[in-house]
Structures are given as structure tokens and as C-alpha cells.
Amino acid sequence: MNKAITDGLVFTPPAFSAGLSVWSSQNGTAGSDTYDGSANAAIAVADADFGDCLELLKTDNTQKLRYMGQTTILPGCYLQITVRIKAVSGNLPSVRIAGWAVDGSDNHVSGVVEVGPTVALSNYGKVETVQAIVGVGTRDGVDMSWGRSAVYGHFGLNLTGSNGGVVRIEDIRIEDVTSYFLRDMMDWVDVRDFGAIGDGVTDNSGAFEAADTAANGRSVLVPEGTYFVGSHLTFDNSVRFEGQLSMPDNKRLILIKDYNFARYVDAFGDELTAFKKAVQALFQYSNHDSLDLKGWRIELTEPIDVAQVAGIDSFATRRVIRNGQINLLGSTDWNDTVVSSQASYSSSNAKTLTGVSNVANIAVGSRVSGAGVGREVYVKAVNVGAGTVSLNHELFDAAGTQNFTFTRYKYAFDFSGFSLLDKFVIDDIEFQCAGKASGVMLAPEGGIFHIRDCFMTKPKDRGVTSIGGGCQGLTIDRCQFLSNEQALRAQDRTSVAFNVNSNDAKIRDNRFVRFGTTGVLAGSGHIFIGNHWFQGDNETDGIRQAGMVLTNLNLKSTLTGNYIDNNFIELTNEHDATPDFANQFSFGGITISGNIFTVNDVAPWFNWIVVKPYGQGHTLNGLNISNNSFRAINGAVDRIDQVDETYASLDMGITKNVVVQGNTFHSVNEPIFNPLTVNYSRNSDAKTWTIDSAPHFPFGGWSRRVTAVVPDGAIKSSGSTIYTTPYSAVKKGSDNNQIELVWSTACQGDVTVTMRMDKPT
């Protein structure tokens, strides 16, 4: 680069012989004294060494000679001032290149070096060459670094030493020597050429911006050093970091052409700072939809508050973090925060605690526990002024005033600082939690959070937690969730792999290993396909816990092709402040089909599908359990189904649309069916035949309908065949599980009877 060639700039001043009116004896500024007509300056003609030149008598302690023209100082451009001089008579002075730096407002730039190296004249007639280089940047070989404030200068020389000497000076040359500072390949610009100083203190924001502008398609070099940048910084061109940046936490670095994690590591020197800055850019600049960690491992000693890092609290455009490992190191910053507070609750304000003591110390995202509180109830918001706490769920039996415990788990990625977050994706990330903290907390509101192809390894308390509506449409695909509690007995585990508060979760092709509970899901419209969740232990006749807990009544959901291993599916309504039946849809709206159910080393009272009403009057309405395989290993179980009557029982007199068929049962003593087909033989004449459904209706259902009676051979009365058909009477017996066939006359024979525990809608 040479501005004289590329831009036609003229740097060298006119010859002395053209007149001394443009040569100042002061600083060269307008109005300063000149040598025109001065008694100590004259033009020497035809000097043997210099031709026509300036002859000058030194009369001042510092004899100045300055060109009054404005020599432009350009970022990235370096000028060399050259003077050839010789002593003629008198005292021998010293000489050095000098200048006067001026900013864009025509004010002197103070604090910069304005003189070059000093050369002492040692002999009369000996020609000395005196040089100095001036430029914006601080580079090796630059004698006068003027920074970005200077826009032009007045250049010449200073004579120092004893007065009385006479010197002759050849015309002064000023040349563009920028090429001295360029490497062989000129496809980059150096930020130092634009005034950047790598001392870790000087704010280089302007220098970096100028270098990026000048690059114009070339790359920008940040050489060795630590460069403080106090403002937001965007590089439109590619940038290479040999040195490192220092930036405030709230200032972002945008790398338009180099948005990848490795480049951010180069920029900041450590993976954690690089990750935070790259996440900042991910949210703040729309040209990049994903942050690829390129397989890097990032070590955390404290939670990443993603909203705080991003500097925003709402975001609704798809963003992705992919391909890396998050490794948690030991730190007290992972410790749970536990607060105990007295509060009041009313079903009329079903998701709010009021009159909360110590409310300012309760953190958003805390799990709430206390009498009448269901599983996975979290603090969604806190209003300190009003003394209230907003919850993600209603409480089933907590009316009145009591003490609640608020436990705030810590998470590797914490999105709870967002008020809303939509369409965020975590792809191919391994969370190495090492039992130190939990995995991911979702935002209070938002939708379509997607976790795919990830490992959640040994989370301390929770894998993925939703504290509000941020789980709407939550999708978890092809992930491995590996519990930190695998060595414990099933009943001693407290961890939860994930929870859902809203609708339409898609849980597909995942594997969940030995959590206390795999999933707690409210809402409806959920799809579970191809997952394997197992919660067994090595204890003989061991206790098994719920695997999937579904807390809405009308689920509108399906579980298909899953492997349910040493745990059970539990249907509850524990997130209802008024849990008694009130003419709404009751337990149902769910299809459980094509699954593999297995259990081993358990007591015979284990069941795979459990309904647990938290209020009176509920029933089954739209339950389909079909084409599943049930098998117990190392012992048999009595049944696959159970109604847990801890709080209430089911009303079997109003069941609707229950289908249990096509299943296979191995080491299950009492298979269940609806419709139920029974073969019955009567060996003596009787007008009324009593046929028992027990124990084969699901959940202890009643015999409420007979849909078919087919004789197997002749029906005979006193040895003669009869051709009449019976009528049926249902809900007979003390448990309402018998039917009666009433014939026109006493008879005997064999029949196949199909009966149901439900009636159609």
C-alpha cells in the first residue's frame, strides 16, 4: 500500500528554493513566523552535495524548521521524514526530525511523541542522513506514534546544542513507507496501524472499527497483546486473533464472517468467556441462527444465566447451540438455596400464594413443597411489593396458612431470566453434571423448546425443568438421561428427568436411566414414542416408583412403542385446587399401545398402570390399553393395574369408552380385558345363571353391559333342547362384578358371554 500511488496524495514539501514563506521557525501553524526574509536563513546555490539548499544559522536553543503545509496522517499509513544535512562552520549542533500533531478541530494533540532520534554532527562537510517514521499505530520502528486523534502534522527538524553553527539542509522528503510494516501477503490489516494498543487498558474500540472498515474484504489481524474494547464491536471482515480481547460483560463481539466458537476462544483466551460472548452474539445478531461449539468442552463453576448473558429478556426467533460438552466443576455456587416461609393459599386464587413472609428471599424457579402440594410445583414469579408468589400449578389440598419450603436448584443452563423464549434448540450437547447441579431450566413462558441428541449425565436433582409455560410444545428427541442416583434403591431416589406444565410435548426415542421419576407432565396432547425408561434396582422384592406421572384428567395423549421398565405409569389430578369431580372429563383421553412393560424382582402387588384420584367422584372416560406386552421376570405379579385410593376411589358406575384388548401377559396372575369374554358352563338346570367378571375387568370395574351371549352347543332343559334366548342383568354381587343370564325356563349348557365395564358416550 502506498497512498502516493493509490490515492495520488503528495506528502513531500516543496523545495526550499521555491521560497521560504512556507517554512516556519515555530510550529508550522498558520500565522507563525517564517524564514522568509530572516537574517539567519538563505538559499545556497549549487552546493556540491545538495545543489540548491537551505543554509541556516543556529540562533535559538532549539532551532525549529517546520513545513507549514498540512501533511495528512491516515490510519494504517506510515510516513518517513528524511533530511540530509551537513555542518558548514561554527559550533557543531545536533539534529532530529520533529513535528507538530494537530487534530480534526485544528487543536494541538498533546501527549504524543513529536521528535525522532537525535543525530550529532561530528565533522564539517560530512553529510548525515536523519530520519524518523510517524503514524497512527504503535509499531516497532515507528518513532512518533500519534494515535487516532491526529489528522495531520507540520514536519521538519530541530537543531539542538550550542548556538552559532551554520548548517546546510537538503530539501526535506516525506514518503509513504507503509510497506515496511506489511508482511509478504497483503490480505490483512493490522489493528495497530489504526492506533490499537495492546496494554489491556487503552480503549481500542475506534481503532478496531477503523481497521475493519479499511480491510474492505481482507482479514483483520489482532497481534499479540491484550486489547481492551469498551464498546460493542462488530467485525464485518474475517479476523485473526494472535492477541486477546478484554471487554465488559455487557458488551458484545459480533464476528460476521467468523461466527464459530473456536474464533471466540482465540479472541478471549478461555472457553467460558468465549462461550458467554458467543451466546451474546447468538441472541443479538440475526445473521447467525446457531452456535457450533465444534466439540469443545466448557467448564462451569456456576450457572449460566442465559438471559443475563444475552442482555435481553424476550426472544422469539429460532436459535441453536450444538456440538459440545458442558462440564461442571465443584463450587459452592451450585449449592441449593432453601427458604422456609409462611404463606396462605385459596382455591379461588389457585396459582398464587399470598401473605408470603420472607418473600424477597424466594427465588424464581424454586420448587415448592408442603402439605397439599403436588409434584413439580415451582415458583413462576415473585411480587415482593404485594408479598405474593405465582406458581406453575394449583395445589390440591393446601387451603389456609402454613409453612412452605422453597428449594432453588441450580442449573448449568438457566433460561428462567427470560420472560419469553420461543424456538430454542439444544443439539448434540453433553451435560456432564457430575452430581453437582441440574441440567436445564426453561423460561417461564414460550414454546417449542427442542432438546435433541443430547446426553444429560448425572444431574444432581433435575434434568430439564419447566417452571411455567415455556414447555409448550417441548420436544425431546434421541437423548440419554443418566441419573446420578443409579446406585440407590428406587424408593430412595428423588431426582426427576423432566417435567411439563403445558400441552403438546413430543418425547421420542430417548433413554432414561434410574431416576426417581422419569417425567411429571401436566397439560395434554403429549406424544411418547420409542422411549425406554427404567427405574429398577438390585433389591429382591423391591419397591418400584412411578415413571411417567400424568396429572391432567383428559390427557388427549398417546404412549406408543415405549419400553417401560421397572416402573409404572401413574394418572393423577394432583395439580387441581378443586380435585373432586365436577362434571368435567375424568381420567382418560389416553392411548397406551404397542409398549413393552417389564419388571423383575418385585413383590406380586406391583402394577404397571396406576390411577390415583386426589378427589372424589372421578371415573374412567376414554382409556385405551391395547396391544402391549406385559412380563414379570424372577417372579409373578398379580395384576397390571391398580386404583391407588390414598385420597379417593373411582366411581365405576359411570365409566365410558374403556378399551383393554390385544395385550399379552406373561407371569401376570390376573390378566385384564374390556370387553371381557367369558366361557361359562352350567351342569344343572337353573333359570338364572350367575357369571363372574372378577378379577379380569380393569381397575376393579363393574359388569355394566352384556354385548353378546353365544351358546356353545345345545342349551337343554330336562334333557330337551330349548331355543329361547336369555336376558341379562348387570352389576350383580356385592362388588357389582357379576352378571345374570335369566332364561325362560331352567336349563343348562355352555355359553360364551361378552361383557363390558363401560357404556358408550
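Side chains of K410 and D333 form no contact here, defined as non-hydrogen atoms less than 4.5 Å apart. Put simply, the side chain of V191 does not reach to within 4.5 Å of the side chain of N204, judged on heavy atoms. Contact annotation: the side chain of D580 never approaches that of T578 to less than 4.5 Å [non-hydrogen atoms, C-beta and beyond]. Put simply, the side chain of I321 reaches to within 4.5 Å of the side chain of F275, judged on heavy atoms. Looking at heavy atoms from C-beta onward, E299 lies out of side-chain contact with T301 at the 4.5 angstrom threshold. Looking only at side-chain heavy atoms (C-beta outward), D292 and N260 stay at 4.5 Å or farther from each other. Counting heavy atoms from C-beta on, the side chains of N499 and L521 never come closer than 4.5 Å. Side-chain contact between F528 and L550 is present, with heavy atoms from C-beta onward closer than 4.5 Å.
At distances below 3.5 Å, not a single donor-acceptor pair connects side-chain atoms of S341 with backbone N or O atoms of V356. Checking side-chain atoms of H532 against main-chain N and O of R511 turns up no donor-acceptor pair under 3.5 Å. A donor-acceptor pair under 3.5 Å is formed between the side chain of D258 and the backbone N or O of V239. For the pair D190 (side chain) and R192 (backbone), a donor-acceptor distance under 3.5 Å is present. Looking only at distances, a side-chain donor or acceptor of Q402 sits under 3.5 Å from a matching main-chain atom of A371. Within the 3.5 Å criterion, the main-chain N or O of P579 finds a donor-acceptor partner in the side chain of N573. Judged by distance alone, the side chain of N562 and the main-chain N or O of N531 form a donor-acceptor pair under 3.5 Å. Formation of a donor-acceptor pair under 3.5 Å by the N567 side chain with backbone atoms of Q545 is not found in this model. For the pair K556 (side chain) and G523 (backbone), a donor-acceptor distance under 3.5 Å is absent. Not a single donor-acceptor pair under 3.5 Å links the side chain of S314 to the backbone N or O of I312.
Contact record, S502 with C471: N-SG, 3.4 Å, taken as the closest heavy-atom pair. The minimum heavy-atom distance between E376 and N392, with the atom names listed, is O-ND2, 3.2 Å. For the residue pair Q535 and G516, the shortest heavy atom distance occurs at NE2-O, 3.3 Å. The heavy-atom pair separating A343 from L353 by the smallest distance is CB-CB, 4.1 Å. Minimum heavy-atom separation, L245 to F208: CD2-CE2, 3.5 Å. Taking both residues in full, the closest heavy atoms of C454 and I426 are given as SG-O, 3.5 Å, listed atom of the first, atom of the second, then distance.
When each of F512, F455, F431 is paired with F481, the ring pair (Phe, Tyr, Trp, His ring centres under 6.0 Å) condition holds for F512 and for no other. The one candidate from H393, H575, E570 that meets the side-chain hydrogen bond (donor to acceptor under 3.5 Å, both in side chains) condition with R375 is E570.
By the 4.0 Å N-to-carboxylate-O rule, K612 lies too far from E574 to be salt-bridged with it. Salt bridge K276/E302: present, at least one basic N to carboxylate O contact under 4.0 Å. Classification of D509 and R478 as a salt-bridged pair fails, no side-chain N sitting under 4.0 Å from a carboxylate O. Checked for salt-bridge contact, R297 and E430 miss the test: no charged N lies under 4.0 Å from a carboxylate O.
Within 6.0 Å of atom CG in N250, more than 12 heavy atoms from other residues, nucleotides or ligands are found, so the atom counts as buried in its surroundings. Around NZ of K458, the count of heavy atoms belonging to other residues, nucleotides or ligands within 6.0 Å does not exceed 12. Annotation for F534: atom CZ counts as buried by contact number, over 12 foreign heavy atoms lying within 6.0 Å. At most 12 heavy atoms of other shown residues, nucleotides or ligands fall within 6.0 angstrom of atom CG in D249. Other residues, nucleotides and ligands contribute more than 12 heavy atoms inside 6.0 Å of the NZ atom of K506.
Ring-centre distance between Y345 and F404: not below the 6.0 Å cut-off. Close placement of the F283 and F418 rings is indicated, their centers lying within 6.0 Å of each other. When ring centroids are compared, Y264 and Y259 come within the 6.0 Å threshold. Residues F396 and Y647 bring their aromatic ring centres within 6.0 Å.
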Decide yes or no on side chain to side chain donor-acceptor pair (under 3.5 Å) for N349 and S346, but give the supporting numbers first. CA-CA 6 Å; N349 193 9; S346 171; over 6 Å; no
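In the model, T332 has no side-chain atom that pairs as donor or acceptor with a side-chain atom of N335 under 3.5 Å. Side-chain atoms of S290 and R322 include a donor-acceptor pair closer than 3.5 Å. Using modelled atom types and a 3.5 Å distance limit, the side chains of Q472 and D504 yield a donor-acceptor pair. For the 3.5 Å distance criterion, the side chains of S466 and N501 qualify, holding a donor opposite an acceptor. Using a 3.5 Å distance cut-off with no hydrogens or angles, the side chains of N383 and T388 do not pair a donor with an acceptor. Between the side chains of N358 and N361, at least one donor N or O lies within less than 3.5 Å of an accepting N or O. If you check the side chains of Y409 and T465, you find no donor sitting under 3.5 Å from an acceptor.
Taken to the nearest 0.5 Å, the OH atom of Y411 stands 9.0 Å off from the CG atom of L442. The OG atom of S416 lies 10.5 Å from the CD atom of Q308; values are rounded to the nearest 0.5 Å. Here the CG atom belonging to L221 is positioned 5.0 Å from the CZ atom belonging to R240, to the nearest 0.5 angstrom. Expressed to the nearest 0.5 Å, how far CD of Q284 lies from CG of L253 amounts to 12.5 Å. Rounding to the nearest 0.5 Å gives a distance of 10.5 Å between CG of D453 and CD of Q480. In this structure, CD in E485 is found 9.5 Å from NZ in K460, a value given to the nearest 0.5 Å.
A search for side chain to side chain donor-acceptor pair (under 3.5 Å) contacts involving W334 returns nothing, not counting sequence neighbours.
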